[in-house]
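Below is one structure; the comments refer to it alone.
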Amino acid sequence: MDIRENVDLSAYSTMRLGGKARYLAEADSETKVKNLVNWARQRSLPVVMIGEGSNIVWRDEGYEGLIIVNKIPGIKVLSEDNDSLTLQAGAGEIWDKVVEWSVKKDLSGIEFLSRIPGCVGGAPVQNIGAYGAELGSVLVELEAYDTNLNKFVTLASKDCAFAYRTSRFKTVDKGRFLITAITLRLIKANPKPPFYESLQLYLDEHKIRNYTPKNIRQAVTEIRKIKLPDPSVVANNGSFFTNPIISHAEFERLQKKYPDIRGWPAPHQNLSGAVGNRIAERQVFGAGPRDDGRVKISAGWMVEQAGFKDVHDQQTGMGTWWGSALVMINEKAKTTADLLAFKQKIVAKVYEMFGIMLEQEPELLP
Ligand SMILES: Cc1cc2nc3c(=O)[nH]c(=O)nc-3n(C[C@H](O)[C@H](O)[C@H](O)COP(=O)(O)OP(=O)(O)OC[C@H]3O[C@@H](n4cnc5c(N)ncnc54)[C@H](O)[C@@H]3O)c2cc1C
C-alpha cells in the first residue's frame, strides 16, 4: 500500500488552503479501500474519503488520520430497454466525463448537471444540483463500504435522504459510508420544459428549440463559463452558501423592506428532484399561491446587496467572483483562518441587513 505521510492538503481542495494530512493514500479498487480502512483501524486512526476536493475546506490544523482519495474508475452499462439505460460509474470517475458519456448517447437525466467539478463519489454526498435538476432524481442505488458494519453495502436512492444540497452522507451518517460506485437510470428521450429560468432565457435568446441533451449541455456549459471561475485557474469551491429556505411570513416581511427580492416555492417533498425543482423555479413569487408555504431565496442576491460582488479583500486575501457574488475566491489567502474571517464579514453583513444566517455549502473538514 502506497501511503504518504505529512501531505500538504492545499493540493486536495480547489480552494487551495489547509494544513497537512498525517497519512494520505489513493484507492482504485474496493479491495484497496477495505485494506486501507483496516490499516487505519489497526492504528486507531480516523478515515475520510475524498474525490477532487472541489467541495472541501480543510482546517489549518490539518487531519490527524488517513485520507483516502477515491480513484475507482469505470462506466458500464448494467441494463437497457426501449425507454431507458441503467449505468454504473466508479466513484473515482470525473463526474463530467459521465455526463459527457451519457449525452453522447442522447440519454437524458444528468445533462443539466454538466460541468460540475468533482468525482462521481462526491456527487451523492451533497446531492449535486444545478439548473433545476438533482442527482437524487436519477440515482437508483449506490455501493459503499459501511465503516460501522465493516462491509460493503448497497443503498437504494430512497435510503440516501436526499434533499436540497444534502443527504444522509452529509448529515446523520457523515463519514460512515465510503462510496465506491453509483447506479443511474437515464431516459432515452429529450428533456421537457419548463426549464430553469436562466437556462430557458439562454435557449430562447439563441433560438434553440430542439431540447436535446446535447443542446442542453452546450447551453449549461456556456452559462457556467460566465458565472463560475475555472478552479484550475482561480481557487474556489463554487457557490459558497446555500440558498436559504424560509417561511412565507418571513418572505413577506423581507418583501416589504426589499421589494426586489425574489423567491421560489421551495420544492415540496413529493415534488423534489428535477421535475419538482423545474416547476418550482418557474413559479417566481409574487405571482400566486404556492405549495407548502416555504420559500427559497437567492443567497447570491443577498450577498450582492450586502456589497460583496467582485470584492477583493486586502486584509484576508480572499474575494468574491465578478460573475457571481456567491463564489468566494482565494486570491492570496495563506490560511483557512483568513477564509473564515472573510466569510464572517459576509455572513454578518447579510444577517444585519436581512436577519438571515447564511449556511456554508462546502464542508469544513474534518
Ligand atoms: C467551480 C465550481 C462549481 C460548482 N458547481 C456546483 C453546482 O453547480 N452544483 C453542486 O451541487 N455543486 C457544485 N460544486 C461543488 C462540487 O463540485 C460538488 O459538490 C462535487 O460533487 C464534489 O465532488 P468532489 O469529488 O470534489 O468531492 P470532495 O470535495 O472531494 O468531497 C466533498 C465531500 O464528499 C465526501 N466524499 C467525496 N467522495 C466521497 C466518496 N467516494 N465516498 C464518501 N464520501 C465522499 C468528502 O469526504 C467531502 O465530505 C461546484 C464546485 C466548484 C469548484
Side-chain angles (χ1 to χ4, degrees), residues 9 11-16 18 26-28 30 33 37 46-58 63 65 67-72 89-99 110 112-136 142-147 155 160 162 164-171 173-182 196 199 220-221 223-225 227-243 277 300 321 323-324 326-330 360-366:
L9 280 172
Y12 292 89
S13 160
T14 54
M15 196 56 104
R16 292 183 212 133
E26 294 184 355
D28 58 7
E30 289 195 347
V33 170
V37 172
V47 166
V48 67
M49 179 166 273
I50 65 164
E52 288 274 289
S54 65
N55 217 21
I56 295 177
V57 178
W58 297 107
Y63 186 66
I67 292 172
I68 304 176
V69 186
N70 195 314
K71 294 280 181 188
I72 299 174
E93 276 295 336
I94 295 294
W95 167 255
D96 196 52
K97 282 207 178 137
V98 181
V99 181
I110 51 176
F112 297 91
L113 308 179
S114 288
R115 308 294 175 185
I116 296 182
C119 289
V120 161
V125 175
Q126 81 149 358
N127 183 22
I128 56 166
Y131 301 99
E134 279 179 355
L135 180 77
L142 58 77
E143 312 294 318
Y145 188 77
D146 183 340
T147 58
L155 298 177
C160 296
F162 288 130
Y164 169 64
R165 297 293 187 279
T166 193
S167 70
R168 71 187 288 187
F169 313 112
K170 207 175 169 177
T171 52
D173 283 318
K174 195 172 154 73
R176 171 175 167 184
F177 295 99
L178 310 182
I179 299 165
T180 51
I182 68 172
Y196 192 89
L199 176 60
V220 168
T221 300
I223 301 170
R224 290 183 74 98
K225 260 190 217 160
K227 282 213 128 188
L228 293 158
D230 176 352
S232 66
V233 182
V234 178
N236 79 95
N237 279 139
S239 302
F240 204 82
F241 302 102
T242 51
N243 289 322
N277 278 341
W321 187 238
S324 167
L326 205 49
V327 179
M328 271 174 41
I329 55 175
N330 170 13
Q360 180 171 325
E361 184 182 304
E363 287 190 68
L364 184 63
L365 284 182

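Atoms within each ligand, like the ligands themselves, are counted from 1 in listed order.
- Counting only non-hydrogen atoms, the option in Ser114, Ala27, Pro117, Ala235 that gets closest to atom 17 (O) of ligand 1 is Pro117.
- No donor-acceptor pair under 3.5 Å is formed between the side chain of Ser13 and the backbone N or O of Val57.
- Side chain of Tyr164 to backbone of Asn243: a donor-acceptor contact under 3.5 angstrom is found.
- Nearest to atom 9 (N) of ligand 1 by heavy atom, out of Ala130, Gly129, Ser13, is Gly129.
- Annotation for ligand 1: atoms under 4.0 Å from non-hydrogen atoms of Asn236 are 1 (C), 53 (C).
- Residues passing the side-chain contact (heavy atoms from CB on, under 4.5 Å) test with Asn127, sequence neighbours excluded: Glu134, Leu135, Phe162.
- Of the protein's non-hydrogen atoms, the one nearest atom 42 (N) of ligand 1 is Ile179 N, 2.9 Å.
- Atom numbering of ligand 1 starts at 1 in the shown order; those under 4.0 Å from a heavy atom of Ile116 are 6 (C), 7 (C), 8 (O), 9 (N), 12 (N), 13 (C), 17 (O).
- No hydrogens or angles considered: nothing links the side chains of Ser114 and Asp96 as a donor-acceptor pair under 3.5 Å.
- Near Gly118, meaning under 4.0 Å from one of its heavy atoms, ligand 1 places the atoms 23 (O), 24 (P), 25 (O), 26 (O).
- Using a 4.0 Å cut-off to heavy atoms of Glu363, the atoms of ligand 1 that qualify are 33 (C), 48 (C), 49 (O).
- Around atom 25 (O) of ligand 1, the closest heavy atom drawn from Gly238, Gly122, Cys119 belongs to Cys119.
- For Lys174, the NZ atom is densely surrounded, since the number of other residues' heavy atoms within 6.0 Å is greater than 12.
- Nearest heavy-atom pair across Ala27 and Ile68 is CB-CG2, 3.7 Å.
- Ligand 1 places these atoms under 4.0 Å from at least one heavy atom of Val48: 47 (O).
- Ligand 1 places these atoms under 4.0 Å from at least one heavy atom of Pro229: 1 (C).
- Between the side chain of Trp58 and the main chain of Tyr63, no donor-acceptor pair closer than 3.5 Å is present.
- In the candidate list Glu52, Arg224, Arg115, Arg224 is nearest to atom 4 (C) of ligand 1, counting heavy atoms.
- Atoms of ligand 1 found under 4.0 Å from any heavy atom of Asn70, numbered from 1 in the order shown, are 41 (N).
- Using a 4.0 Å cut-off to heavy atoms of Ala123, the atoms of ligand 1 that qualify are 21 (O).
- Looking only at heavy atoms of the protein, atom 43 (C) of ligand 1 is closest to Phe177 O, 3.3 Å.
- Remark: the backbone N or O of Leu113 is paired with a side-chain donor or acceptor of Trp95 at under 3.5 angstrom.
- Distances from ligand 1 to the non-hydrogen atoms of Gly92 include no value under 4.0 Å.
- The shortest heavy-atom distance from Phe169 to ligand 1 is not under 4.0 Å.
- Take Gln126 and apply the side-chain contact (heavy atoms from CB on, under 4.5 Å) test, not counting sequence neighbours, and it matches Asn55, Ile128, Arg165, Lys170, Glu361.
- Aromatic ring orientation, Tyr131 versus Tyr196: perpendicular (interplanar angle above 60°, classes split at 30° and 60°).
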